[in-house]
Structures are given as C-alpha cells and as structure tokens.
Amino acid sequence: MERLTGQQVYNKLVEAYGKPRWWPGTPYEIMVSAVLVQNTAWTQVEKALAAWGEPEPAKVLEMPVEQLQETIRPCGFMKAKAATIRNVSEWYRGYGFDIEKARATSLDRLRRELLGLKGIGAETADAMLVFALHKPSFVIDAYTRRFLDRMGYGFTDDRQIRRFFESGLPADYQIYGWYHWLLLEHGKNHCGKQPTCDGCAFSTVCPGRIL
DNA sequence: ATCCCGCATT
DNA sequence: AATGCAGGAT
C-alpha cells in the first residue's frame, strides 16, 4: 500500500487548514510557554501569561520561587514547572539572555544542552529549538504519533518518525514549525484520542478511519 | 507503568 | 464524578 510522503501530507494539511500559525510571543515567552503547556490545555497558558505581563528571564531568576509558582498556578504542576522555568532561565543566562548568541550555536549542541535541563524532554526541547531558536528539529508529540499510527505507517519509535519528516523536507525551521502547528490543528479537529473522521482530509486514504 | 498538578468540560 | 489536556521523571 502506497503511503503519502511527508511533503504530500503537508500539502494536504495546508489545503485543509490554510496558512499555518506560528507560536506566539518573544523568544523567551515561547520557551516559557513551551514548559507551561506540558500536559496542559493552551487556554491555561494564556491565562497565566495574561496575568504575567511579559516574562523576562532576569526577573524570573530574581523572583522568589513561591511567587513564580503562584504566577503559573493555572497551568498545573506548578512546583515542577517553576523549577524547570528557572533551569531554562539559568541556561539562557549562559548566553547573556541574547537570543542571537544562542541561535549562533549549533542545533546538536543546543539540543543536548536543553535535554540536560531537568524538566525538558524531547518534545519541549524541539519546540524551543524550532520556535525560539530557529533550528530545524522536528517536534514529535502525541498527536503526531497517533496520526501516523492511524495512517498505517507502522513506525515503532520516534527515531523513525523523525527520519520520515526530516528526510523528506527541506531542513527549514519555518517549515517544521508550520508543519507541527498543522498536525496539532489536525489532532484537535479530527485525530484526537477519540477520532472524528467526518470531514477529515485523510478519511479516504486512512486505514484507521472510523466509518 | 505510575505519579506528578490545576482547571475546563462533560 | 470522571475525563482530558502541546509531558516528564522515576
């Protein structure tokens, strides 16, 4: 059975959902919200950010941890996430809070550094790499895995998924970011835990479709 | 595999 | 009352 290439999937997603969005906020806000959104609805992140004003790393490092915890309370896991945000901010201080300086560093090195921070796993690291650091490192989340699984690709681990996307596309962080956003949108609209196959752009080719 | 945590939705 | 949500650590 012929399967769609990564590029073909992308084209169909754009056709279905239109011009993709981008992760909102300053680079530091993007890094912070990537932590806040872990296992949490985006609406909760918006709530915390609205009450926050504009997060700034130097201030976060001066702030008492308890205050930081209260600020991010709506997002849940506040003790762990507050600690993680501090870890990220300390890491960022190593670059003088200078995003261009960080961006001048290689993808591999940045990724290793981020994965070394407690509270940052592969998904969060890749989201930060793409949206804040402008590096092409494909974001693989639960929606992505579920979609590919239902589509019958038969991937057994994230390495295969990464190869599927990264070998079939130009190594362009913008494409990766847009692609991730489209997969997320698709997951929310049709391919969530409980699939809604009515009106799905892939319902004619998807072996996992529910009739 | 299980626990971590707050909130919206059902 | 139960479930689910842009996960991660143990």
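Throughout, protein chains are lettered first and strands after them, A, B, ... in sequence-line order, and every chain is numbered starting at 1.
- Between A:F155 and A:Y153, the ring-plane angle classifies as parallel under the 30° and 60° cut-offs.
- Classified by interplanar angle (parallel below 30°, tilted 30° to 60°, perpendicular above 60°), the ring pair A:W22/A:Y173 is perpendicular.
- For the pair A:I140 CD1 and C:dG7 P, the computed distance is 14 Å after rounding to whole Å.
- When each of A:K118 and A:A34 is assigned the nucleotide of DNA chain C with its nearest heavy atom, A:A34 is the one assigned upstream, toward the 5' end.
- A:K79 comes within 4.0 angstrom of nothing in the nucleic acid, heavy atoms only.
- By the 4.0 Å N-to-carboxylate-O rule, A:E100 lies close enough to A:R103 to be salt-bridged with it.
- You can see that DNA chain B meets the heavy atoms of chain A within a 4.0 Å-exclusive cut from B:dC4 to B:dA8, reading 5' to 3'.
- Within 4.0 Å (heavy atoms only), A:I120 reaches sugar-phosphate atoms of the nucleic acid but no base atom.
- Around atom CG of A:D157, more than 12 heavy atoms belonging to other residues, nucleotides or ligands sit under 6.0 Å away.
- Salt bridge absent: A:K12 and A:E15 never bring a charged side-chain N and a carboxylate O closer than 4.0 Å.
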**Request:** Could you please spell out the steps behind the side chain to side chain contact (heavy atoms under 4.5 Å, CB included) verdict for A:K81 and A:C75?
**Result:** CA-CA 9 Å; A:K81 286 178 181 177; A:C75 302; 4.2 Å; yes

Restricting to nitrogen or oxygen on both sides, can you table the protein-nucleotides 1-4 of chain C pairs closer than 3.5 Å?
none

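- Considering every non-hydrogen atom in both A:I210 and A:P195, the closest pair reads CG1-CG, 3.7 Å.
- Between the CG atom of A:L117 and the P atom of C:dG8 there is a distance of 12 Å, rounded to whole Å.
- Per the geometry, CD belonging to A:E46 stands 17 Å off P belonging to C:dC5, to the nearest Å.
- Atom P of nucleotide C:dG7 and atom CD of A:E123 are separated by 5 Å, given to the nearest angstrom.
- Of the charged side-chain nitrogens involved, at least one lies within less than 4.0 Å of a carboxylate oxygen, so that A:D126 and A:R111 count as a salt-bridged pair.
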